[in-house]
Amino acid sequence: KQEVTQIPAALSVPEGENLVLNCSFTDSAIYNLQWFRQDPGKGLTSLLLIQSSQREQTSGRLNASLDKSSGRSTLYIAASQPGDSATYLCAVMRSGAGSYQLTFGKGTKLSVIP
Amino acid sequence: GAVVSQHPSWVICKSGTSVKIECRSLDFQATTMFWYRQFPKQSLMLMATSNEGSKATYEQGVEKDKFLINHASLTLSTLTVTSAHPEDSSFYICSAIGQLNSNQPQHFGDGTRLSIL
């Protein structure tokens, strides 16, 4: 059974700092890995999707890496802003015919202090 | 970008009431929709996978008679929590995917907070 772990559970940083969020998964048989953002009481916004054959994806100040063999991914946020405060969720899509299901971690709650 | 609308966003009702939650894909045809449940400070847990025109596939431990899922069209799936009890109080989120391939991200609704008194 796939398990996804995110460390740390919570993180507080001053504005402008660069930061790294970590995600690990136990089963490397995945199609892709996604990072999402969730604001309090809201749904999920997809940030980055990395295919299993890729090593990293970038979007603006965000960079996500994937090391499938070791079961790890990182989300790097450059020059953090108060608007980045949210919970960041990592999810893996398991491979296998017809699945396309996501397994989520518990998230990292990020607070960026002005 | 792709938009998924979920309604209602918040429901408070008495124990024993049945509650229907709608999930609509507004600008694409969703061949598959997923229903998740999220308890406070916990990860999203997949409840069921819904394919248009066929019966939903439920995850282990999820009662199909308790959580009725209907996916009658390519743009609408509904989740009905039958005879809801306080332990069913949770945050329910749907997601939708257009083409079934690993390149496509899932698009999520804004969720429905269900509170059973």
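Every chain is numbered from 1 and lettered A, B, ... according to where its sequence line falls, protein lines coming before strand lines. Note that the structure is a prediction, hence the values are computed from the model and not measured.
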Original post:
Would one find more than 12 heavy atoms of other residues, nucleotides or ligands at under 6.0 Å from atom NE2 of B/H85?
Top reply: yes

**OP:** Using the six-membered ring wherever Trp is involved, compare the ring planes of B/Y92 and B/F67 and label them parallel, tilted or perpendicular (cut-offs 30° and 60°).
**Re:** tilted

**OP:** Against chain A, label B/Q6 side chain, backbone, both or neither, depending on which of its atoms sit under 4.5 Å from a heavy atom there.
**Re:** neither

Original post:
Does any donor atom in the side chain of B/H71 or B/S50 lie under 3.5 Å from an acceptor atom in the other side chain?
Top reply: yes

**OP:** Let me know if A/Q38 has heavy atoms under 4.5 Å from chain B in its side chain, its backbone, both or neither.
**Re:** side chain

Subject >> Residues in residues 66-74 of chain A near chain B [non-hydrogen atoms, under 4.5 Å] >> reply: none

**OP:** Below 4.5 Å from any heavy atom of chain B, which atoms of A/L89 appear? Answer side chain, backbone, both or neither.
**Re:** side chain

**OP:** Taking the six-membered ring for Trp and the full ring for Phe, Tyr or His, determine whether the centres of B/F34 and B/F108 are under 6.0 Å apart.
**Re:** no

Original post:
With the threshold set at 4.0 Å, does a side-chain nitrogen-carboxylate oxygen contact exist between B/R24 and B/E22?
Top reply: yes

Original post:
chain B heavy atoms under 4.5 Å from A/L102: which part of the residue, side chain, backbone, both or neither?
Top reply: both

Original post:
Got a salt bridge between A/D27 and A/K1, using NZ or NE/NH1/NH2 to carboxylate O under 4.0 Å?
Top reply: no

Original post:
In terms of heavy-atom pairs under 4.5 Å, which option from A/G41, A/A91, A/S46, A/S52 contacts chain B the most?
Top reply: A/G41

**OP:** Step by step, work out the side-chain contact (heavy atoms from CB on, under 4.5 Å) result for B/Q38 and B/I93.
**Re:** CA-CA 8 Å; B/Q38 185 181 33; B/I93 308 178; 4.0 Å; yes

Subject >> Aromatic ring pairing B/Y36/A/F104, orientation class (parallel under 30°, perpendicular over 60°, tilted between) >> reply: perpendicular

